[in-house]
Amino acid sequence: MEGDGFAMDHNDIEKSIIKFWEENKIFEKSVEQRPYDKQYVFYDGPPFATGLPHYGHILGLTSKDLFPRYWTMKGYRCERRWGWDCHGLPIENIAEKELGIKEKKEIESMGIAKFNEFCRSKVLYFASEWKKTVIRMGKWIEFDNAYKTMDNTYMETIWYIFKELYNRKFIYEGKKILMYCPRCETPLSNAEIAMDNSYKDVTEKTITVKFKLKDEENTYVLAWTTTPWTLIGNVALAINPEIPYVKIEVRGEKLILAKARFEAMDINATVLEEFPGSKLLGKEYEPLYPVKSNKKGFYLIDGGNEVTTEEGTGVVHMALYGDFDYRMIVKYNLPIVQHIDDSGRLRDGPEQWKGMWFKHLDKHVIEDLENRGLLYEVIDYTHSYPFCYRCGTPLFYNAVDSWFIDIQKIKKRLLEKNSEINWHPENIKEGRFKDILETAPDWSISRNRFWATAIPVWKCTQEGCDGIEVIGSIKELQEKAIGKVPDDVDLHKHVVDDIQLKCPKCGGVMKRIPEVIDCWLESGSMPYAAKHWPFENKEWFNNNYPCDFVSEYVGQVRAWFYYMHVMGVLLFDHPPFKHVVVSGNMLASDGTKMSKSKGNFPDPMIIFDKYGADSLRFYLMSSNLMKAQDINFNEEHLKELYRKVFMLLSNVHQFYMLYGEGNAVFDDTSSKNLLDRWMIGRTNETLKRITEYLDDYNTPDACSEMVNFIDDLSTWYIRRSRARFKSDDPKEREEAVRTLAYVLNTTARMLAPISPFMPEYIYQSFRKYNKELAESVHLDSWPTYSDKFIDTELNKNMALTREIVSTALEEREKKGVAVRQVLNTLAVKGVSLPPEYLEIIKEEVNVKNVMLSDPSAKELSVELDTTITPELRLEGLARDMIRKVNSYRKESKLTIKDRITLFVETDSGLLRECISKYGKDIMRDIQADEIKMERGDGPAKELEVGGETAWISIKVHK
Ligand SMILES: [Zn+2]
Ligand SMILES: [Zn+2]
């Protein structure tokens, strides 16, 4: 049946089901019909609409659709509202590109208002593409009524939170060494750099430099650096006083470096002296480049254990551009030299290089030191270097004035509260997430940019006054502003920058500070801001916090999950979520990153149309992506699931419709038939396991249960039950039909959250005959299982039966005896089975007797008696006849309801004998009322039956 039916039109079926849902408002009903006081809450991380949805998004969208559907069926109310991330560098970079802006100051000269409004106009650029994907994949969410991080209500909550944390002394202003993009002219957060592809391997020239000691003749200290441009700002050298250093002589010069490095570097030299590092402390050297400062610098300082001998020379050159350096500069009160300006160009240093890009300085510095005889060595060095994740500019560590959230103050609590989170997979709790918490630096929450929530801080402009106001709501702004502020004042920078406050200390004018808020603070505050808490929804919030579930890919562990956790613990001393599902990365089929420019993956829309959204969803949910592992996209595997789940299920459903049409009973589990009992048991067993797995947010194991179950249903139950569906005995037929109706109904309901379309299609076909069923499978309840149906003895026996059958069929194949040739005896050793199972074996293996012997034999073995007696020969002919006539019926497009007369003309005595002996059986199985041994009126067809020849024709009864 492959290739017809479902395979031809599943795409149309899915599209017509989308229409059915829309027209009948099934999603809205699925929310409304559930009680308000029993909510299942999940937070949907807002994506940017500045790019198109890819597989990573579809993965997230699927799991964030599956669980709400599942809990809805379990009786919970699950409100779902889409959100958009609107602020920050991603959208600003798009605007810059379109406006042809190369430098930050161009934005200031064009006007921030104009720039910000341009950003606003671009924010929802791809929203309609997202909507298309969301609808096509069967995700249910309130899409058009989306919250946006640029909404005033959203930003007002951010102001409230900022003020709250400021008042509680969790926010401070300070200087820190942060990763900095000189093109975007802003620091970046750890998460922004660590996520995705911010680091690239680069090969650069690294140099070992000679620093000439002041008080020792012809003696130099060697220091190594990967960033020659920082040497212009060198102010000190750090050594480790605990480790041994050596003074060596090379080509008439005396050089000092760590002993371990001397040995590692394999230098051909004479060792003049060995001494502990402490002997070097305080020694002065000649500056490489003069600096303007009245502080004392240019001597050797104690860098402690952080100066190691893993690479370099065991001597670290100190400039402002590193976290360790900065701490040392503060500790020893060394000159603060920031020789690179905000846009990455040389501000202070040799005249001839002024204004030069920091990376271009490297080669000039190397050349200059070489000419001055201060270069010991230049080596090509490959290391991984960070780049701006938005604009691709190389970053550097820079000393930046910034606002911070004091993470150190709550670190202990963050770690303690991690224990309340259910991580899926579990190892993230004590692994990745704990590491992130333990090493978390203070959070820099200010950005020197434009398009984001303005930081609500105003400072006094009067000389000598330190008046500061932090504003927590629009109302407060209106009260404290000089002049009138409208109710709908936009809280973006370009608007609130113009609002001035009156200083409560001196009565002078206060102006807002220029910075805006890190957009991670915005998305981390999503649980509150999307609800405009505490200005609205206070009660809802009290009843529904923390949420039940969040899900994102592994990169978000240190980003969205971390920031939400921080905000939750800060505001409520509680993580904001109970369950976190962490997924892996979907890579291209060759294991590389999926890349649009490389075109190394198929368009998701094409995959939807080719295999159906059901299949793609099932494929994603069944994969180890859902256990935080990376996988390569594998279309073959997707196709296999499409066949093994959806085509097989579709075939079973078609079979049911053929024999069960009109049946209106979908909950009858009373059949005593062995196969029925087995199938009902398998259904309950599968349901039980899938329920347990989904309760535990484990979709791969739930999916794998489903695959096995559908295989059992299709290739064993239906296959072994065909005769009963065609039976003349109405009771036998009804039992089979009702059992299958129960099984399919349950299957549809337990598959519905994972793959919502085909279950709906099946369910609607049942509804035609039973209007008491819910309007949609998604409005029905999650089915319940009962252990009383799960008969382990029966399961064991059936498994054994299937094993015997497959071993016996292999035996037949080996001996070259076709299955349609009935044989006398199958002897089985090593098992015992109740007689009813032997009937199944007889039919399936096509033997007259099954003899069990020696149940205590160690291994199962079968022996087939392949002697074909004249008797068996006749029976075999009859079976072959039935098979051939039925396929002729099919060719002639007859249905099961068409009764016929069969005309047979043959010279074969054997065939005549066969028909006279087995005519009745043949007639029953080919839906014939009569067999006439003569040529009929219709066209005759030549048949080969078990090596004999006959001409047959069919007359259909009207
Ligand atoms: Zn940048
Ligand atoms: Zn003042």
Side-chain angles (χ1 to χ4, degrees), residues 48 50-51 85 87-108 112 115 118-119 122 166 173 177-200 202 321 340-345 357-360 384-400 402 444 446-452 456-471 476-477 479-483 499-513 515-520 559:
F48 281 105
T50 47
D85 214 341
H87 284 150
L89 285 186
I91 180 69
E92 285 198 16
N93 278 105
I94 287 173
E96 285 180 354
K97 256 181 216 148
E98 289 198 25
L99 294 166
I101 288 171
K102 297 208 170 50
E103 278 183 295
K104 194 175 162 188
K105 54 176 180 283
E106 291 175 50
I107 297 173
E108 273 142 8
I112 296 168
F115 180 76
F118 190 82
C119 287
K122 290 286 162 185
Y166 182 84
E173 198 184 358
I177 303 297
L178 298 169
M179 273 294 189
Y180 180 86
C181 175
R183 193 201 142 299
C184 298
E185 295 191 25
T186 189
L188 299 172
S189 75
N190 264 16
E192 286 169 316
I193 297 147
M195 272 171 96
D196 307 324
N197 59 347
S198 295
Y199 280 87
K200 282 182 204 132
V202 291
Y321 301 90
I340 302 295
D341 71 11
D342 289 348
S343 64
R345 295 174 193 283
W357 180 241
F358 74 104
K359 275 277 172 190
H360 295 164
S384 103
Y385 194 88
F387 291 81
C388 177
Y389 74 110
R390 295 314 310 184
C391 73
T393 303
L395 304 176
F396 62 89
Y397 281 106
N398 201 5
V400 188
S402 184
S444 156
S446 58
R447 292 289 177 274
N448 304 82
R449 296 296 306 180
F450 307 99
W451 178 240
V457 172
W458 272 257
K459 284 184 176 173
C460 186
T461 54
Q462 289 298 313
E463 195 65 50
C465 177
D466 61 355
I468 182 167
E469 281 277 11
V470 178
I471 303 294
E476 189 184 353
L477 182 63
E479 284 163 9
K480 295 186 173 164
I482 300 169
I499 299 173
Q500 297 177 343
L501 312 186
K502 197 174 149 196
C503 177
K505 274 197 174 167
C506 72
V509 169
M510 302 182 97
K511 281 190 168 169
R512 201 187 71 80
I513 61 167
E515 288 92 345
V516 295
I517 285 178
D518 173 17
C519 55
W520 284 108

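Start at 1 and go down the list; that is how both ligands and their atoms are numbered.
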Handout entry: Check: K104 side chain, N448 main-chain N or O, donor-acceptor pair, under 3.5 Å
Key = yes
Problem - Cut-off under 2.8 Å, centre the Zn ion (ligand 1), protein N/O/S atoms - result: C181 SG, C184 SG, C388 SG, C391 SG
Practice task
Apply side chain to side chain donor-acceptor pair (under 3.5 Å) to S402 and list each qualifying residue two or more places apart in sequence or on a separate chain.
Solution key: S444, S446
Exercise for the section: Would you check if the side chain of T461 reaches a backbone N or O of V509 as a donor-acceptor pair within less than 3.5 Å? Expected result: yes
Exercise for the section: Taking all heavy atoms of D342 and all of E185, pick out the closest pair and write down the distance. Expected result: O-CG, 3.5 Å
Handout entry: Donor-acceptor pair, side chain of Y166 and main chain of V457, under 3.5 angstrom
Key = no
Fill in the blank from the handout: Shell check on the Zn ion (ligand 2): protein N, O or S atoms less than 2.8 Å away are C460 SG, C465 SG, C503 SG, C506 SG
Exercise for the section: Inspect the contact between E106 and K102 and indicate whether a charged nitrogen and a carboxylate oxygen are less than 4.0 angstrom apart. Expected result: no
Exercise for the section: Classify the ring geometry between F396 and Y180 as parallel (under 30°), tilted (30 to 60°) or perpendicular (over 60°). Expected result: tilted
Practice task
Would you indicate whether F358, at its atom CZ, is surrounded by more than 12 heavy atoms from other residues, nucleotides or ligands within a distance under 6.0 Å?
Solution key: yes
Problem - Those residues that, when tested against R183, pass salt bridge (charged side-chain N to carboxylate O under 4.0 Å, His left out) (two or more places apart) - result: E96
